[in-house]
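Residue numbers begin at 1 in each chain, while the letters A, B, ... track the order of the sequences.
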Amino acid sequence: MPSTIAILGNPNVGKTSIFNALTGLNQSTANYAGVTIDRKFGRVNCDGATGTLVDLPGAYSLAARSPDELIVADVLLGQRADEDRIDGMLIIVDASNLERNLYFVSQLLEMEIPAVVALNMIDVAKRRGIKVDADKLSEALGLPVVPVCGNTAKGIDTLKLRFAKLLRGEVPAAEVKFRYPGPETRAIGELEAELAQHRDKIGRDVPRIEAVRLLVDEGGETELRVTKLLDGGFPTRLKAIREHAINDGVPAAVQEANARYGWAHSVIDACVTRPPKRIRTRSEKIDDVVTHRIWGTLIFAAVMLFIFQSIYAWAVPAMDLIDGVVGMSAEWAAAYLPEGMLQSLVVDGLIAGVGSVVIFLPQILLLSLFIAILEDCGYMARAAFLLDRLLSWCGLSGQSFIPMLTSFACAIPGLLATRTIQNRRDRLVTMLVAPLMSCSARLPVYIIMIAAFVPARPILGGLLGTQAVTLFCMYLLGVVVAAPVAWILKKTLLRGPQPPFLLEMPSYKTPRAATVFIKVYREGREFLVRAGTLIFAVTIVVWALAYFPHPESVLEKYEGLRTAAANEIADTAALDERIAEIDNLEAGELLRGSVLGRIGHVVEPVFRPLGWDWRIATAAIASFPAREIIVATLGTLFNLGADEDEESPGLRETLRNATWPDGTPLFTLPVALSIMVFFALCAQCGATLMVMKRETKQWRWPIIAFTYMTTLAYIGAFLAYQIGTAVLS
Amino acid sequence: MSAITSTVMTLADLQPGDFGTVERIMCLGPVQQRLLELGMSPGVDLEVIRTAPLGDPMEVYVRGFHLTLRRNEARCVILK
Amino acid sequence: MIEALITGLVVAAAAAYIGRSLYRAARGKSHGCGHCGSDTCASEPKR
């Protein structure tokens, strides 16, 4: 029978690199039922033995304060019906920080199942002058210990041999290394007896380890789960038993920490030699600058500005290339397809629509590259440290920082990342404001508007450009709006005390090319898949709505005009000009008469105060399911209404040439700003709202998010246009 | 209240570069347990490394790693 | 005539695809984990 092994450890101990080293590419991911923690597992084949390796979330302790934290203990104790029984554990510990790691190990030993320990980061420990004697550690733990260096794969071969033994069941079970003090042991016994009486109500036996958590973790997730199943008298009895556990005035939680750290300390004394005085690590020296009062803040601002500037400067050649290919394929299609419906579908619909979205691939790749590098090297924890105070002013904690930052890539993983926030109110506030962060889908809208309508002028002696600064301001807008929104939510709908913020500051490490590449690749692939599926489909439908009914009468009318012009005007150049003018009028009348044109004219008055014509309004409405659709829709709408003889100028030029019926330019700087502000603040993402509903299990929250964001977007766009117009005139 | 704060020294009172030894954790519930799990158990030595640019949170070196926490939580850590 | 038929079929297929996507999203079947490619949602939440 093949074995199932769980891989466990504290966060930031290099679990992922060892998991990757053991499973290679045989990995799959799925979700645990009921929670959105990812269930990552891989097939392993070590030294002829095969089995499954399950990656469990990193944890500091088995004490659970959210449903997600309960996963580790539940899977290990076989309490999840959808999971295989765990036959063994691969425990990863950080050699440079063994003491705190051993706290969790001491809890894992109590599982009393076979285990192998990988002593990771021996290189980091060495640099700090810390030497760990693996043999003595093995003796103290009663388990095989393999020193490894996950980043350089040193020691992985030995680990594989040990792991093969674990798979074959040749490793002895872990043993409990210490006993709880007398009163607590007695209290655990009492609680077990109490729980045994209610076996039929709970519906299963409660393992001893779970009973311990129930006793120690006051208000924890185990307590919530068990109390829900039992009668109203149980909390009182639990309280009484907890009183019995108090030893010399010391509550169970403190006793547990004392006992576990006491044991960890004795192990450390036996097998670790530390320098008499702490050696300052490279990480700490870097942090002296990176988290410095002044330098740290400046570096943070510089890093952010650099990212925005390079998105502009570096992506241009690649964008021009894609632009060229799109333009060529449009010309090619126009030349080979007979004039008519099908040609219009391909040229105006597909190529103009999807092409104008695909062109942003280089920017998406660059942005995700920077985010991946910052995530992998450990800078994100520093950013949380620098900015926590700002978050605390609006009633949130640094815990909200990671979800918010993730939302700059996409709000959906941002919403899922809020699961680490234990406090329900804080979690809801974070979820409600996270979609205000400018996600990568907004980038195309910003880029096209800025590139076409914000004049490029150097700032600070050419170090930055007006365009990059405008982009930076758009990103800043979401943050600036999110702060008061969160503050108001914390004062009204979701009132509550300030949550705790405890975050480990991991050592810096060199980002690994493979990890970064995988993230960038996934992001790029997903962008293209969406451009090729949903956006592709929407483009076709928008084209159809903007093309039909395409009445013969209009075509005949303009054909008549053209014939008349040909008869009247003798000069060829003048005739060409006149014909182009007639073509333009024809395209315009056809578009206005289309289904979409008629709908557009009905809604136009609503958007007129924002400076929008019906085409912009329709494009904005069409992009409520997914905001990047606007670029494709604008491409289709303005291409249909444009003179077809013009040498395919790309969306930027098309927009610059667009006019109101009276001939004045449609897009001005205030209009461009108004569109950008609208898109920065609006909840135009069906998927985000669906995830919000699923995560909160109530329709209320997505409805609130949608309402407040759309209102803010309208007001913001209105102000941007009106103030912009007033300032410019 | 002022009498208590003047006689009891907490982690929040330390400046960057200061050392201290934990006596007990005053807060109850999840905050206490979390602090304990992360190594702030009675008798442990710690060093304040720095505070963030805006004065809060602070970074503490304890049991071989760097932990950041807010002054709010630091006030729960009573020192000897 | 053939042209109109092809166009009609393409548009109908696209409309059907959008309808299906919206339906699936409403049923919560495709929530888009991996929708954005970021693996933050596909891995353990970071602390």
Side-chain angles (χ1 to χ4, degrees), chain A residues 12 60-61 63 65 94 96-101 103-104 128 130 216-220 250-251 253-254 256-258 260-262 264 268 274 278 283-284 287-288 291-294 296-297 300 381 384-390 392-393 397-398 422-423 498-507, chain B residues 10-12 14-80:
Chain A
N12 306 312
Y60 294 109
S61 157
R65 274 166 303 264
D94 176 357
S96 68
N97 182 12
L98 201 52
E99 199 173 345
R100 197 203 61 213
N101 279 255
Y103 183 94
F104 188 40
R128 293 189 191 172
I130 299 169
V216 179
D217 308 345
E218 287 186 40
V250 181
V254 182
E256 182 186 13
N258 282 342
R260 293 193 190 281
Y261 272 116
I268 296 282
R274 278 185 286 200
R278 179 162 66 90
S283 246
E284 285 171 58
D287 266 345
D288 282 346
T291 56
H292 184 267
R293 260 162 205 273
I294 299 157
T297 318
F300 178 76
F385 179 68
L386 289 172
L387 299 177
D388 176 68
R389 190 65 200 268
L390 295 176
S392 77
W393 276 334
S397 79
Q422 283 111 31
N423 183 303
Q498 184 95 168
F501 170 63
L502 296 164
L503 183 78
E504 182 188 355
M505 199 78 104
S507 299
Chain B
T10 73
L11 177 56
L14 296 189
Q15 295 301 312
D18 288 353
F19 293 84
T21 306
V22 176
E23 186 175 295
R24 63 195 168 89
I25 307 290
M26 196 170 55
C27 309
L28 294 174
V31 179
Q32 180 193 46
Q33 201 179 14
R34 193 55 139 188
L35 283 167
L36 288 168
E37 283 167 8
L38 287 166
M40 294 268 189
S41 61
V44 75
D45 294 325
L46 45 81
E47 178 188 348
V48 177
I49 303 291
R50 62 173 64 83
T51 56
L54 296 161
D56 199 19
M58 63 203 299
E59 182 182 342
V60 175
Y61 183 81
V62 59
R63 291 195 197 266
F65 77 105
H66 295 257
L67 178 70
T68 58
L69 72 168
R70 282 184 177 167
R71 291 193 176 273
N72 228 359
E73 278 81 61
R75 270 190 278 275
C76 297
V77 182
I78 311 283
L79 303 178
K80 278 180 183 152

Once you round to the nearest 0.5 Å, how far does CD of Glu504(A) lie from CZ of Phe65(B)?
5.5 Å
Rounded distance (nearest 0.5 Å) linking atom CE of Met40(B) with atom CG of Leu502(A):
8.0 Å
If you tally heavy-atom pairs under 4.5 Å between each of Leu69(B), Leu67(B), Leu36(B), Val60(B) and chain A, the highest tally belongs to Leu36(B)
Checked Gly43(B), Gly64(B), Cys27(B), Cys76(B) vs chain A; the most non-hydrogen pairs under 4.5 Å come from Gly64(B)
Contacting moiety of [X], where chain A heavy atoms sit under 4.5 Å:
| X | value |
| --- | --- |
| Ile49(B) | side chain |
| Met58(B) | backbone |
| Glu59(B) | both |

Looking at Leu386(A), Leu98(A), Asn258(A), which makes the most heavy-atom pairs under 4.5 Å with chain B?
Asn258(A)
With a 4.5 Å cut-off on heavy-atom pairs, point out which of Val254(A), Val216(A), Asp287(A) contacts chain B the most.
Asp287(A)
Side-chain donor/acceptor of Arg389(A) to backbone N/O of Leu54(B), under 3.5 Å:
yes
Any side-chain heavy atom of [X] sitting closer than 4.5 Å to one from [Y]?
| X | Y | value |
| --- | --- | --- |
| Arg50(B) | Phe385(A) | yes |
| His66(B) | Glu284(A) | yes |
| Tyr103(A) | Arg63(B) | no |

Is Ser96(A) close to chain B through its backbone or its side chain, or both, or neither, when contacts mean heavy atoms under 4.5 Å?
backbone
Turns out that what part of Arg128(A) lies under 4.5 Å from chain B's heavy atoms comes down to side chain
Taking all heavy atoms of Leu38(B) and all of Tyr261(A), pick out the closest pair and write down the distance.
C-OH, 3.7 Å
Where is the tightest heavy-atom contact between Ala253(A) and Gln32(B), given as atom of each residue plus distance?
CB-OE1, 4.3 Å
